[in-house]
A.B. asks: 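Take this structure, written in C-alpha cells, and hold onto it; I'll ask about it next.
Quick caveat, the model's predicted, so the values are computed rather than measured. In what follows, chains are A, B, ... by sequence order, proteins preceding strands, each numbered from 1.
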Number of protein chains: 2
Amino acid sequence: MRARRLLAPPGTGEYLTAPMDTRTDTPRDAEERPDPLRIERLCIERGLKMTGQRRLIARVLSEAIDHPDVEELYRRALALDARVSIATVYRTVRLLEEKGILERHDFGGGRARYEATDHGHHYHLIDIDTGKVIEFSDVQHEALAKAIAERLGFTLIGHRLELFGRRPADAEAAPRRGPRRRGGEPA
Amino acid sequence: MRARRLLAPPGTGEYLTAPMDTRTDTPRDAEERPDPLRIERLCIERGLKMTGQRRLIARVLSEAIDHPDVEELYRRALALDARVSIATVYRTVRLLEEKGILERHDFGGGRARYEATDHGHHYHLIDIDTGKVIEFSDVQHEALAKAIAERLGFTLIGHRLELFGRRPADAEAAPRRGPRRRGGEPA
DNA sequence: CTACCTGCAAAAGTTTTGCCACTAC
DNA sequence: GTAGTGGCAAAACTTTTGCAGGTAG
C-alpha cells in the first residue's frame, strides 16, 4: 500500500532550481542567496519569537535554493541540530506562510513544497521528465495577468503560472521515465 | 482536531463556475454541456468497461459545470443511485484522469477538484473571498506561454495559469471572511 | 470465461493538534 | 511572569488498496 512519492523522491539531487530568466527581469543563480540569516531577520521584523528551532529552520530556508518539502526541510535541519521535531517544522512553515515569508507550492507529488518569497515574483517551468523546477520571470506575463483579472472585474491579489515542458529529446542525460504526477496540470 | 475544509465547504452553492471570457476565445455558460452521455461516450471510445457505477459517475461528470471534488461527486452520484461507494469514485476519477478525460486541479483546500477536459483549454480565476472559480481563456497568454517555454529550451506540454483575485469591496453580497487557503498561490 | 470491477474496511501518507513542560521576551 | 513554543504521540483527513465476490464483453 504505497502511492505518493511521484515526482523526484526527496532526499538527494532532486528538484534543483536551474538558474534561468526569460526576459527583462532578474536572473537567479545559486550564488544569489548567501545570507544564512535572511529569513531569521524577516521573522524578527514580523515580531516572531525566535527560538533555537526557528532559527535553525530559518537558516535552512535561507540557504535553500530549491523548493524543498517539509520532510526535506526536516532532514536538512536535523543534519545541523538534532533537537527539532517534524511537527515543529510543519508548524513553522505554516506560520511563515501566514506571515508571507514563505510561499507554498503544489507541483504534484502529494507534498507541499516551499520557497522564500523574498526574491521577487517569478514562475516555474517543471520538466516533466525529471521533475526539476526552473524559475523564470516575465514582465509581459505579469502585466497580462493583471489586465485579465481586471477585465473580469477583480483586483489581482496573486497568480500562479506553471509551465510543464519537455526538453527536446537529444541533449542532456536521457530523460528518466516520465513520472506520474499529481495535481492539476498539462492539458 | 479539525483543519481541512478551507475553501468554500463542498455541499451547496459552492464553487460555481461563472460564465466568462476575456478575449477572442470561447465563452462558457451553464447551458453549454447538456449532453449527459458526453463522458460516457468518451469512456467507450477509450475502451473502458462500462459498469453501472461508471455510467453513473460519468453522468454526474457530464452534468457538472463546476469543479467538484471527489466527495462532492460521490454526493451527487449517491443522490441518483445509492449503489456506489466512494472508493469507486476515487478509482474512477483516477482512471479518467489517466485516460485524459478529466483534469485534476488543486485550488487549495486540500482536496483535488476535477473537471472534464473536453471543453477546451482555459484558465481559472479564484475569488479568494468566496472560493468561486471563474473560467476564462486568453489566446495572448496561450502564445506567451509557448514562447517562454521555447526560450527556456523546452517544448511546452501543458501549462496552468491561475489568478487569485478579489472583487472590489462594494457590489455583491458581503465577502465572507477570507478563508485560509492551502496550496501555493498569491505572492 | 476471463479480465476487469466494486464494496468494505483497513492502511498509507500528509498535516494538524492536545497536552504539558519549557522558554523568549 | 506570561504568552507563546516544542516534543510526542495521537488524531484528522484525503486517497489508495487487499480481498472476495460480481459482471461486462
A.B. asks: Would you mind reading off the distance between Asp69(A) atom CG and dG13(C) atom C1', rounded to a whole angstrom?
C.D. replies: 12 Å

A.B. asks: In terms of side-chain heavy atoms of Arg91(B), which of dT14(D), dG7(C), dT16(D) is nearest?
C.D. replies: dG7(C)

A.B. asks: Answer yes or no: is there a side-chain heavy-atom contact under 4.5 Å between Leu80(B) and Leu56(B)?
C.D. replies: yes

A.B. asks: Going by heavy atoms in the side chains, are His67(B) and His124(B) under 4.5 Å from each other?
C.D. replies: yes

A.B. asks: Return no unless some side-chain N or O of Thr88(A) is found under 4.0 Å from OP1 or OP2 of dG7(D).
C.D. replies: yes

A.B. asks: Using the side-chain heavy atoms of Lys49(B), tell me which of these nucleotides is nearest: dG6(D), dA24(D), dT14(C).
C.D. replies: dA24(D)

A.B. asks: Go nucleotide by nucleotide along DNA chain C from the 5' end; which of Ala87(B) and Arg54(B) gets its closest nucleotide reached first?
C.D. replies: Arg54(B)

A.B. asks: Over how many whole Å does the gap from Arg94(B) atom CZ to dT14(D) atom P extend?
C.D. replies: 17 Å

A.B. asks: Can you list, pair by pair, the side-chain donor-acceptor contacts under 3.5 Å of residues 45-53 of chain A, counting residues two or more places apart and other chains?
C.D. replies:
residue, atom, partner, partner atom, Å
Arg46(A), NH1, Lys99(A), O, 2.6
Thr51(A), OG1, Arg54(A), N, 3.2

A.B. asks: Any side-chain N or O of Thr51(A) less than 4.0 Å from the OP1 or OP2 oxygen of dG6(D)?
C.D. replies: yes

A.B. asks: Find which nucleotide of DNA chain C each of Tyr114(A) and Leu48(A) is nearest to by heavy atoms, and output the residue with the more 5' nucleotide.
C.D. replies: Tyr114(A)

A.B. asks: Would a 4.5 Å heavy-atom cut-off, applied to side chains only, mark Glu142(B) and Tyr123(B) as touching?
C.D. replies: yes

A.B. asks: Measure the distance from CD1 on Ile86(A) to C1' on dG7(D) and round it to the nearest whole Å.
C.D. replies: 13 Å

A.B. asks: Grab the CG-C1' distance between Leu95(A) and dT16(C) for me, whole Å please.
C.D. replies: 14 Å

A.B. asks: For dG7(D), does OP1 or OP2 lie under 4.0 Å from any side-chain N or O of Gln53(A)?
C.D. replies: yes

A.B. asks: dG13(C) C1' sits how many Å from Arg111(B) CZ, rounded?
C.D. replies: 17 Å

A.B. asks: Using whole Å, report how far CD of Glu71(A) lies from P of dT16(C).
C.D. replies: 14 Å

A.B. asks: Just how far is it from atom CD of Glu103(A) to atom CD of Glu97(A), taken to the nearest 0.5 Å?
C.D. replies: 8.5 Å

A.B. asks: Atom CG of Leu102(A) to atom P of dT15(C): distance rounded to whole Å?
C.D. replies: 14 Å

A.B. asks: Whole Å only: how far is the OH atom of Tyr90(A) from the P atom of dA10(D)?
C.D. replies: 18 Å

